[in-house]
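Have a look at the structure below before the remarks.
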There are 2 protein chains.
Amino acid sequence: MQKNRSEKYHNILDNAGAVFAKYGFYKATISQIASRAGVADGTLYLYFKNKDDILYQYINYKTGIVFDKMNNAVADGKTAEEKFRNLIRCHLQEFQNDRNMAVIFQSEVRYLRDIQSQIKDISKMYLDLLSDIIEQGQIEGAIRQDLFVGLVKRFILGAVEGVISTWVSAGGRYDLVAMADPLVDLYLNGVKEG
Amino acid sequence: MQKNRSEKYHNILDNAGAVFAKYGFYKATISQIASRAGVADGTLYLYFKNKDDILYQYINYKTGIVFDKMNNAVADGKTAEEKFRNLIRCHLQEFQNDRNMAVIFQSEVRYLRDIQSQIKDISKMYLDLLSDIIEQGQIEGAIRQDLFVGLVKRFILGAVEGVISTWVSAGGRYDLVAMADPLVDLYLNGVKEG
DNA sequence: TCATGGAATGAATTTATATTCATTCAAAAA
DNA sequence: TTTTTGAATGAATATAAATTCATTCCATGA
């Protein structure tokens, strides 16, 4: 039953994620995390430098996973539209699969900003993926030329985050991934008749 | 030079906003706020119940102002498209005018969620305005009938918030309101060619 | 069976800061 | 000028929780 170092590290990280998601970083206590992880308070300090470091490691770890999945999703598409649809679907899928992560990414905006220089920055990677997709789409003739690309990228990311945020607030009770196609339709065609 | 009760109250509120925006709610201290407002620590407790109450009052106050402006902006438009454009422009304008507010609304998501039942909820009001605009637009024949309205509303709000968030991260260095028209164009027409 | 060393423990310590309240101040009234 | 009264002060207090570290545990190997 004894776990190796990595298993215990990830066990603490997972439970920290649950506690951070439930109470928020500042209201969460070391004791809550330790007791949920089934270890003593002091044990956390064998694996992490301090409380901040727990959140830092958590975000870094989760970011790495999502990072890879999104890159793969995009690589799986051929046309710009396929790549784009894959990216949005993957995004929704990953956040639906890990609600704690979704809550933390959404709630600890301030913290994320403070550390985003030392960490793989998921937003930056996302925006870069979108740059490539848009450029490819413009070459293919599938996407308008007269776009302010910087704005379009923020527009797209903001809207997905908004949709995820609503899903989180609703307690994750509906299928988030089902939003992918209607969402892509809105991005592509807008809301105007005709 | 002595201020009446209301002036002093608002002076504390403004300075609290600046400190919350700079350090975040939890890292901000009562002493910082008091000293920035030019009063003693204890004085804050003559005007506010406790630290939480300061943020609560701040949000409530700012929400009320923005609330009214947005309602007026929409009322000033005639067609759905005018109303919509006025709303987006007003939104960007108000947040550009008050960067501290923008930062706080963006950073204290968790806190906002925790109190949003006791407070005028700006998101809810916003989504309700959008419902009306979309419905009117569909009647006018300017907006598609085949829309999932719940999604469209979150899509729109999310995208504006994303654009504001980027502006905040960039230190508010460019003109946010200039984004209104290109943004509305994206909502209406999407990114697809043709 | 005993000895060893690294891991885990959790009570005690430290630190930080929110909050209180006895005291002071200052404006207006007498 | 003196008194009164409510506001303001800020040093002292209370509290909560992060962090430390002397002690205990336990798996391993002699």
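Bear in mind that the values here come from a model prediction, so they are computed numbers and not experimental data. Chain A is the first sequence line, chain B the second, and so forth, proteins listed ahead of strands; every chain is numbered from 1.
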Closest nucleotide among C:dG10, D:dG10, C:dA8 to the B:A40 side chain: D:dG10
Nearest listed nucleotide, side chain of A:L46, among C:dT17, D:dA7, C:dT9: C:dT9
Between C1' of C:dG10 and CD1 of A:I30, the distance in whole Å: 14 Å
Over-ring placement of B:K51 relative to B:F25, 6.0 Å and 45° cut-offs: yes
Nearest-Å distance for atom pair OH/C1', residues A:Y47 and C:dA8: 8 Å
N/O (side chain, A:Y26) to phosphate O (OP1/OP2, D:dA17) under 4.0 Å: no
Atom-to-atom span, CG of A:D41 to P of C:dG10 - whole angstrom: 9 Å
Sugar-phosphate, base or nothing in reach of A:F48, heavy atoms under 4.0 Å: nothing
Rounded distance in Å - CD1 (A:I33) to C1' (D:dT19): 14 Å
Phosphate OP1/OP2 of C:dA8 contacted by A:K8 side-chain N/O (<4.0 Å): yes
Salt-bridge present (A:D185, B:R144; N to O < 4.0 Å): yes
Any B:L183 side-chain heavy atom under 4.5 Å of A:F155 side chain: yes
Touch class at under 4.0 angstrom, heavy-atom based, for A:T29 against every strand present: sugar-phosphate
Length of the CG-P vector between B:N50 and C:dT19, whole Å: 5 Å
Salt-bridge criterion met for A:K153 and A:D128 (N-O under 4.0 Å): no
Spacing between A:Y9 atom OH and C:dA7 atom C1', to the nearest angstrom: 18 Å
Phosphate-side-chain proximity, B:Y45 and C:dC21, N/O vs OP1/OP2 below 4.0 Å: no
Worked check of side-chain contact (heavy atoms from CB on, under 4.5 Å) between A:R154 and B:W167: CA-CA 10 Å; A:R154 290 305 321 189; B:W167 175 80; over 6 Å; no
Interatomic distance where OH belongs to B:Y23 and C1' belongs to C:dT17 [whole Å]: 15 Å
Length of the CD-C1' vector between B:Q32 and C:dT17, whole Å: 11 Å
Sugar-phosphate, base or nothing in reach of B:A28, heavy atoms under 4.0 Å: sugar-phosphate
